[in-house]
Amino acid sequence: MIEPGWQQQEMLKAAALLEVGRAAAARQRAAAVLADDPDNVEAWCLMARAHHADDDFPAMRAAAARAVAVAPDQAAGHVLLAFACVGLQEGEPARTAALEAVRLAPHDWRAHTALGLAELGTGHPRRAFRSAGRAVALAPDESAPHRIRAMMLQAVGLTMPASKSFRKALALDPQDTTALVGLARAAIRSGRLVTAARHLGAALSFAPTDGDARTQLDRLLIGAVGGWTVVVVWCAGLLGGFAMLPWMWPAPPLLIALWAGAAARVWGALSPGLRAYAAAQLRTDPRARTRVAAAALCLATGAALTVDAARQDPAGTLTAAMAVLFGVHILALLLSGAAVMIADRLIAGPPRAGTTPSGAATGTDLLAEHREDSFAGRWALRVTRVGALCAAAPWVMSVDPPRAWPDRALAAAAGLVVLAGHAVWSRRRLIRRPGPPNAVLGVLLLPLSLAFTAEVVTIAAAAILPTGWLPLPDVIAVPGFVSIVGGVLAWLGWLAWLPYAAVRHLVPSRRPSSPGAGTSPGPGSAWGEAMPP
């Protein structure tokens, strides 16, 4: 004989199991309830939440759709259906379900959060941020609305406001691993590697098997520390190419020493367990070993260049040997970059247990991580192209023979105004139309940023330096010239791409599209607290 109220007891046990991460056991108990009462909307909602815990979005959508069919006047089913459609990158169905949830429960922050994610997935980030802001206003003391709003901001490259929201979520819940990982991701992007190491150490102490935290740890150790080692060693070798000038002698060893100190600080910020993991990565991970080999190659070519440069006459012309060594050093950087990209693409990395619904081992794809930087990379490419045009006239007016100061100042001021205006306009346009994710743009973010900085420095030097200090010093003129030439080549590439873009626009694609794909924060346990109880 079945005791009265057994269904309620089973649902309480299933909810408790789901709370501790036992989604399969929770589904079994919910299925037992549904076998006795197929129209139990609470059981269907719990079934959808259990499927979400395993990122099984097709099954989640089916369970949520059944909950909506059983109780169309309850917002919980519509919220779950919206989250399932967002996970499947079905923008319009997600938006329709979220709008219905908001209509039924206008004061439920979960409904507004679902609508924000759906709006972001359909390419309307401004509407998405307004919905996320309403969710935060409805539940200012809950960490989940702040965290999900931060994820949405981070998805379109708004790192500073995203970090602010992550910190607010962390203040409300100090063990919010998603907020810690989000702050670490932002710190890695901005080069604050010590801060990133501390955040990741805290996140992994709370959740040792968190897949996203492990991915960001690999990104910190292999991508950031290893990548910057290659870049710093190569730049030190390039500076060594000017060793014929006595005041340039300290530059290469000083640059390497400064980076060694920064890397030592990152190492010191890691816990003992993470240090052991980092040492194992350095010994066994082919991606890390590729970067070590690349740094060694750049060190060898840079040392040869420095030794030959120290023997040159400062007043003499560039010898053939120096020209060859300069070319070899540049070729070493190109080969190193190609080898690193191939290693990151072909090697998934060491196994990570427990990061998939089935518990199977997975790896990390560091090159795919660069897709997160698509927004910033696309913006850097556009401003660098315009910056090349804005810097061309000031650069020409500042080389031998230099023009008078008023002419240079006027041209430089006009260039800065145009460049600043374009930068603001381009950022606003990208917020409305972020474009598809592109790992190549993420990889190019650093060199594009350096090129843009060289263009701005060139324009500013043309406006500020007196005529007696001209022509421009080589340390400004050479990077400026390289950046201008690179920007012109980027314009030529864009012009060559235009016919293809026009044909692609006129000829409809037969492939199914996913509006806003790559602009939403993506599925994962970070939405867990936004699920209706």
Side-chain angles (χ1 to χ4, degrees), residues 15 18-19 21 23 26-27 30 41-72 74-125 127-129 131-132 134-136 138-139 142-155 169 178 212 357 514-533:
L18 185 59
E19 186 70 23
R27 283 196 299 272
V41 64
E42 183 183 357
W44 282 116
C45 288
L46 191 140
M47 185 72 76
R49 292 171 55 206
H51 284 303
H52 166 265
D54 288 340
D55 284 347
D56 188 354
F57 291 101
M60 179 186 179
R61 178 178 56 182
R66 180 60 179 164
V68 169
V70 171
Q74 293 187 21
H78 294 280
V79 172
L80 289 166
L81 182 59
F83 274 103
C85 292
V86 168
L88 293 170
Q89 294 187 351
E90 297 176 351
E92 287 302 330
R95 186 172 180 272
T96 301
L99 285 171
E100 183 64 14
V102 170
R103 186 187 70 81
L104 293 171
H107 300 296
D108 187 349
W109 66 267
R110 297 174 179 84
H112 290 282
T113 295
L115 180 59
L117 290 169
E119 294 283 13
L120 192 64
T122 53
H124 299 97
R127 297 180 194 171
F129 298 149
S131 296
R134 282 192 288 269
V136 170
L138 288 170
E142 295 276 351
S143 64
H146 295 280
R147 178 212 311 138
I148 296 176
R149 179 176 183 269
M151 294 168 64
M152 294 165 62
L153 290 166
Q154 196 171 58
T178 304
D212 196 17
S514 298
T519 62
S520 62
S525 60
W527 298 352
E529 294 177 36
M531 296 294 107

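Computation of the quantities below employed the complete heavy-atom set of this structure, encompassing side-chain atoms and omitting hydrogens, waters and symmetry-equivalent molecules.
- Of all non-hydrogen atoms in Val41 and Ala71, the two that sit nearest each other are CG2-CB, 3.8 Å.
- Of all heavy-atom pairs between Val79 and Ala101, the closest is CG2-CB, 3.6 Å.
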Which pairs of donor and acceptor atoms, one on a side chain in residues 57-67, lie under 3.5 Å apart (sequence neighbours left out)?
from: Arg61; atom 1: NH1; to: Glu90; atom 2: OE1; distance (Å): 2.8
from: Arg61; atom 1: NH1; to: Glu90; atom 2: OE2; distance (Å): 2.5
from: Arg66; atom 1: NH2; to: Asp39; atom 2: OD1; distance (Å): 3.1

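- Pairing each heavy atom of Trp109 with each of Glu142, the nearest pair is NE1-CG, 4.4 Å.
- Once rounded to the nearest 0.5 Å, the distance linking NE2 of His112 with CZ of Arg149 reads 15.0 Å.
- Shortest non-hydrogen contact noted between Ala98 and Ala82 is N-CB, 3.8 Å.
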Q. Given Leu104 and Gln74, is the side-chain contact (heavy atoms from CB on, under 4.5 Å) satisfied, shown in steps?
A. CA-CA 7 Å; Leu104 293 171; Gln74 293 187 21; over 6 Å; no
Given Glu119 and Leu115, is the side-chain contact (heavy atoms from CB on, under 4.5 Å) satisfied, shown in steps? CA-CA 6 Å; Glu119 294 283 13; Leu115 180 59; 4.0 Å; yes
Under the criterion side-chain contact (heavy atoms from CB on, under 4.5 Å), I'd like the reasoning laid out for Thr113 against Phe83: C-alpha separation, chi angles, the key distance, then a yes or no. CA-CA 9 Å; Thr113 295; Phe83 274 103; 4.2 Å; yes
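- The distance from atom CG of Leu117 to atom CD1 of Ile148, rounded to the nearest 0.5 Å, is 6.0 Å.
- The two residues Ala48 and Leu80 have their closest heavy-atom pair at CB-CD1, 4.0 Å.
- Once rounded to the nearest 0.5 Å, the distance linking CG of Leu81 with OG1 of Thr96 reads 9.5 Å.
- The shortest heavy-atom contact between Gly116 and Ala128 is O-CB, 3.1 Å.
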